[in-house]
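Only one structure is covered here, and it is reproduced in the block below.
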Amino acid sequence: MPRPRKRLAGAAGLDKKGPAGKHVKTKNTESSSPQKIPASKNCEKNTGSYWLMKSEPESRLEKGVDVKFGIEDLKAQPKQTACWDGVRNYQARNFLRAMKVDEEAFFYHSNCKEPGIAGLMKVDVQFVRMMKRFIPLAELKTHHQAHKATGGPLKNMALFTRQRLSVQPLTQEEFDFILSLEEK
DNA sequence: GCCAACGTTGGC
DNA sequence: GCCAACGTTGGC
């Protein structure tokens, strides 16, 4: 469970390493490269990548520590900014390293009553806004299933194809499509 | 709370 | 390097 830690102290987002996780070697772990970060596709005008980051909005004790950190908790941070640590999975950590400041990321609520996308953040990791409406996992899944047949934008969405990855990239098309769901 | 999916560990 | 055992994620 990748969990942002409620860290104060002007914590400016992505620290070098999270104390919570094992700890990251500064080695060349980048060599175990994430197979595809969007952009490899064709030259998109937009330089940035898009991301989806999971966190648990409901209380749960893990080794005696409450891992609860929902979007409301992010909003409540000083500067509405948190330090996203506690990510253990190598691939997820590689994605964290690949992020650049100010790229956009969805805040996804996992392991809870209603899983889904709650809002938008920008890397460093700061609250940007709530989604105009909560986008439930079930709805995303419906589109994903349909798009597998039609070749629509969510056909390869990592949320479904890389089930347990807590920090994941989105293509421009995926990102735009999900934003368009707000208006529905 | 259950449990499927899947990542990690460690013996060989 | 294989693979079984084990641990974690996260939907339901």
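Rounding to whole angstrom units, CG of residue A:L165 and C1' of B:dA5 are separated by 14 Å. Separating the CG atom of A:L137 from the C1' atom of C:dG11 is a distance of 7 Å, rounded to the nearest angstrom. Taking atom CG of A:N111 as the reference point, atom P of B:dC3 lies 16 Å away to the nearest angstrom. Taking atom NZ of A:K54 as the reference point, atom C1' of C:dG11 lies 10 Å away to the nearest angstrom. The distance between atom OH of A:Y90 and atom P of C:dG7, rounded to the nearest whole Å, is 18 Å. Per the geometry, CZ belonging to A:R93 stands 9 Å off P belonging to B:dT8, to the nearest Å. A straight line from CD of A:E56 to P of C:dT8 spans 13 Å, rounded to a whole angstrom. Remark: C1' of C:dT8 and CD of A:E62 are 9 Å apart, rounded to the nearest angstrom.
Proximity of a side-chain donor or acceptor of A:R60 to a complementary backbone N or O of A:D66 within less than 3.5 Å is not detected. In this structure, A:E182 contributes its side chain and A:K132 its backbone to a donor-acceptor pair below 3.5 Å.
In summary, the aromatic rings of A:F107 and A:W84 are positioned with their centroids under 6.0 Å apart.
Phosphate proximity of C:dC12 to A:K141: present, with a side-chain N or O under 4.0 Å from OP1 or OP2. For the OP1/OP2 pair of C:dG11 and a distance below 4.0 Å, the side-chain nitrogens and oxygens of A:Y108 include at least one atom meeting the criterion. Of the side-chain N and O atoms in A:R162, one or more sit less than 4.0 angstrom from OP1 or OP2 of B:dG7. The phosphate of B:dT8 (OP1 or OP2) has a side-chain N or O of A:N89 nearer than 4.0 angstrom.
Within a 6.0 Å sphere centred on NZ of A:K184, other residues, nucleotides and ligands contribute more than 12 heavy atoms.
Which of C:dC12, C:dG10, B:dA5 sits closest to the side chain of A:S110 comes down to C:dG10.
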